[in-house]
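Just below is one structure, and these are the notes that go with it.
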Amino acid sequence: MEKNIFAKLIAEQLNLQERAVDNTLALLDEGCTIPFISRYRKERTGGLDEVQIAAISNQYERYKEIQKRKETVVKTITDLDKMTPELEQRIHDCWDATELEDIYLPYKPKRRTRAQVAREQGLEPLAMILLQQRERDPERAAERFLKGDVKDTETAIKGAQDIIAEMVSEDERSRQQLRGAFRRQAVISSKVVKAKADSEEAAKYSDYFDWSEPLKRCSSHRLLAMRRGESEGILRISISPDDDECIERLQRHYVYGNTPCGKLVAEAVEDGYKRLLKPSIETEFAALSKEKADEDAIRVFAENLRQLLLGAPLGQKRVMGVDPGFRTGCKVVCLDAQGNLLHHEAIFPHPPVNKRMEAAMSIQKMLKKYQIEAISIGNGTASRETNNFIKDVLTGKYDIDTKKSAVGEMPQVFTVSEDGASVYSASKIARDEFPDEDVTVRGAVSIGRRLMDPLAELVKIDPKSIGVGQYQHDVDQTKLKTSLDQTVESCVNNVGVNLNTASQHLLMYVSGLGPTLAKNIVDYRKENGAFISRAQLKKVPRLGPSAFQQCAGFLRIPGAKNPLDNSAVHPESYAIVEQMAKDQDCAVIDLINNKEKREAIDIKRYVTDEVGIPTLTDIMKELEKPGRDPRQQIEEFEFDAHVNTIDDLVEGMELPGIVTNITNFGAFVDIGVHQDGLVHISQMANRRIAHPTDVVKLHQHIRVRVIEVDHRRNRISLSMKGLNS
C-alpha cells in the first residue's frame with residue numbers, strides 16, 4: 001500500500017508515468033542497480049534513463065524516511081494521550097517533512113521553556129483571556145492568578161505573554177506566513193568578526209566583510225564561501241526578512257484593537273517573533289539554502305567527474321609516464337601495453353641541476369629500449385618546461401639520434417591531469433600494487449596509465465580527491481559520496497569492463513558486484529586463468545544468479561568463443577540473437593559481420609511479453625558495433641610556443657587552452673603559464689547560457705582571448721566569445 005502511495009507521489013513530483021515509477025520501485029526493491037534497470041529493463045520503466053531512475057530512487061528513500069518520522073510522531077502524541085482521529089488523519093495524509101514538523105511542534109518534547117514554567121504556575125487560562133481581548137482590565141483579571149511563585153499581577157501577565165509568544169511561534173499559520181516572507185524578501189548578510197578582520201586567514205574572505213544580497217539570488221558558490229568563512233570564525237552570517245513588516249502582519253492575526261489586552265498581545269507577538277519564531281525559521285532557511293547550495297555544488301562536481309572519467313583513452317600502447325619537477329627532477333617510468341611497470345629513473349633537465357644533455361640521452365635510450373609509442377606528462381609544476389624539453393629531444397635539438405624511436409614513428413606527446421595522483425601514490429592500493437617502489441614512482445605510473453585509460457586508473461582514487469569540484473569539503477559528505485559513487489558506477493558500466501584485464505578496483509563498480517565479488521573474480525582469474533565465457537562467472541565463489549544477472553551485460557571478453565560475450569547484449573537475450581541468426585540461416589558472427597543480413601531482420605517478429613522494441617533495438621545496435629567504446633578519440637594539444645609565463649600575456653591575445661575545471665560561474669582554463677585563467681559564464685558565448693557545461697566540457701581543447709591580467713592577485717580573465725564554433 002505504501003509503495004503505491006510513494007509511486008503516485010514520486011510520479012507527480014517528477015512528472016513521470018505512475019506505472020513506470022511503480023515498476024522502477026519494484027526493480028529497486030528487488031536489488032537491481034540503476035545502470036542495469038536503465039540498460040536492460042526499458043520495457044518495464046518506459047525507457048527511463050539513469051538520471052530519472054536515480055531521482056526516483058532518491059525520492060523513494062526520502063519518503064521512506066518521512067514514513068519513519070510519521071510513525072515516531074504518532075507514537076509520541078498517542079503516548080501523551082493527545083491524539084485525535086482528525087490529527088491522526090492529518091499526519092497520515094502529510095508527505096511534506098516541514099509540514100509534518102509543524103504539526104508535531106506543539107506536542108514535541110522540549111526543554112523547560114518560559115511558557116512551560118508559566119503553564120506550571122497555572123497561567124494558561126490568563127493567556128487565553130488576554131488572547132480573547134474581551135477583558136477591559138487585564139491587571140484585575142490577573143489578580144485571580146496570584147499564588148505560589150506568582151506574587152504580583154506583573155509576573156502573572158508576563159507569564160501569560162510568554163505562553164502567547166510560544167503559541168504564536170508554534171502556530172502553523174504563523175510559521176507558513178513567515179516562511180513566505182523569507183522566500184520573498186529574505187536578505188543574507190555577511191559581516192567580518194572584528195577581531196579577525198586584519199588576520200592573514202581572513203584575507204581570502206575580504207569580498208564578504210560587509211556583504212548582503214537577496215537570499216533567493218545568492219549563488220551556491222557565494223553561499224558556500226560565506227558558510228566556510230563562518231565555520232572558520234571569520235564571518236558572521238544572518239538571514240532576515242523585513243522585521244517590522246513581518247511583526248505587523250503577525251499582529252494583524254492576533255490583535256483585534258487598540259485595547260489594554262490588545263497591547264499586551266501585540267507585545268507578546270513581537271516577543272514570540274523575535275525570540276522564538278524568527279530564529280527558528282532563520283535556522284530552517286539557513287539549512288535549506290545550504291542544502292540547495294550543496295546540491296548545486298555536488299551536481300557540478302559529479303558532472304566534472306563524469307567528464308574526467310569518460311576522458312578519451314589512448315588504449316593499449318607502450319607509454320612513458322613523466323611526473324615533472326624542477327629541484328627534485330622528473331620521475332620517468334616506462335610501461336608496457338598492459339600498464340605494467342618495466343623501468344623507472346629520474347632525470348634533471350631543468351634548473352637548478354640542469355643536466356639537459358644527460359637527460360636527453362636517457363630519454364632517447366628509454367624510447368628505443370622499451371619501444372615507447374606515446375609519452376604522458378603530468379600537468380603540475382614544470383609541466384610546460386618538461387613538455388618543451390621532451391619535444392626538443394624528439395625533434396633532434398640535442399644532436400643525437402633522436403628522430404625516430406625503435407617502433408619507427410615519433411611518439412605522440414600528451415599532457416594529462418595530475419589531480420589525485422599524489423593521493424593514489426600514498427594509498428594502500430598503490431602500496432599493494434608497487435610495494436617496493438616509492439611514492440614518486442607510483443605517481444608517475446598513475447600519470448602514464450591515465451593516458452592509456454583514464455577510467456581504469458581514476459577509479460582507484462577517492463572521487464573527492466580528484467580535484468574537479470569546488471567546496472567539496474564543505475558540502476554534505478554523505479550526499480557527496482552517494483552522488484560521486486553513482487557517477488563512477490554509471491561511467492564504468494557505460495563503457496563496459498574487460499573481464500580479463502580489469503583491476504579489482506574497476507570491477508567493484510560494475511553493476512551487482514562490489515568489493516568482495518570483485519576480489520573473488522580476480523582471485524578466480526589468478527587460479528584458473530582468463531575467463532573464456534560470461535557463463536564461467538557462475539563458478540566464482542558467492543557470485544549467485546542475482547549478481548550474475550546484474551553484472552554480466554557490463555563485462556566484456558575480447559576473443560571469446562561466443563562473440564556476444566564481448567558485447568553489451570545480455571546473456572538473457574542470447575537466445576533471441578541465436579534465433580535471429582537461425583532465421584537468416586547463418587551464425588551469430590555472420591550477423592555481426594554482414595550488414596545485409598542484419599538489415600533483413602524484422603525485429604517486430606521477436607517481440608514477446610517480456611522483450612519489446614526497446615531491447616530489440618539495443619540488440620541490433622550492439623550487433624552493428626559489438627563492445628563499442630563510447631568515449632571519444634584522444635587528441636594531441638600544444639600551447640602557444642611564445643607564451644610561457646603570466647608576464648608574456650597581453651590583453652587581446654588569442655591562445656589555445658585546456659579546460660581544467662568547471663564551476664557554476666565559469667570555467668578555468670590552462671593556457672600554459674602556470675596559472676589557470678577564468679572564463680566567466682558571461683564570457684563563454686555571444687548568447688545567454690544557463691550553465692558553463694552547455695558550452696564546454698572538462699579537458700576540452702578551446703581557444704580563448706585574454707581580456708585582463710591582474711599581476712598583483714595573479715588572476716587572468718579570459719573570453720571565448722566568437723572563438724569556438
Legend entry - Ala181 versus Cys246, closest heavy-atom pair with distance: CB-SG, 3.7 Å
Inset, instruction - Only one of Ser490, Ser511, Ser57 passes side-chain hydrogen bond (donor to acceptor under 3.5 Å, both in side chains) with Thr33; say which it is. - result: Ser511
Do the charged groups of [X] and [Y] touch, with an N to O distance under 4.0 Å?
X	Y	answer
Arg175	Glu101	no
Arg227	Glu230	yes
Lys8	Glu12	yes

Inset, instruction - Kindly assign one of parallel, tilted or perpendicular to the pair Tyr60 and Phe6, based on the angle between their ring planes and the thresholds 30° and 60°. - result: perpendicular
Inset, instruction - Please work out whether the ring planes of Trp211 and Tyr208 are parallel, tilted or perpendicular, with thresholds of 30° and 60°. - result: perpendicular
Inset, instruction - Kindly check if the number of other-residue, nucleotide or ligand heavy atoms within 6.0 Å of CZ (Arg184) is above 12? - result: yes
Legend entry - Other residues, nucleotides, ligands: >12 heavy atoms within 6.0 Å of Asp137 CG: yes
Legend entry - Sole residue of Asn493, Asn494, Ile53 in side-chain contact (heavy atoms from CB on, under 4.5 Å) with Ser38: Ile53
Inset, instruction - Pick out which of Arg69, Glu71, Met83 makes a side-chain contact (heavy atoms from CB on, under 4.5 Å) with Ile91. - result: Met83
Is there side-chain contact between [X] and [Y], with heavy atoms separated by less than 4.5 Å?
X	Y	answer
Arg222	Glu213	yes
Arg299	His691	no
Glu18	Ile10	no
Gln89	His92	yes
Ile56	Leu48	yes
Phe145	Ile129	yes

Inset, instruction - Going by the salt bridge (Lys or Arg N to Asp or Glu O under 4.0 Å) test, name the single residue among Arg112, Arg275, Arg119 that passes it with Asp162. - result: Arg275
Inset, instruction - Using the ring-ring contact (aromatic ring centres under 6.0 Å, His included) rule, take Tyr40 and Phe554 through it: C-alpha gap first, then chi angles, then the decisive distance, then the call. - result: CA-CA 11 Å; Tyr40 296 113; Phe554 302 103; 5.5 Å; yes
Legend entry - Thr76 and Asp79: CA distance, side-chain angles, deciding distance, side-chain hydrogen bond (donor to acceptor under 3.5 Å, both in side chains) verdict: CA-CA 5 Å; Thr76 302; Asp79 290 346; 6.0 Å; no
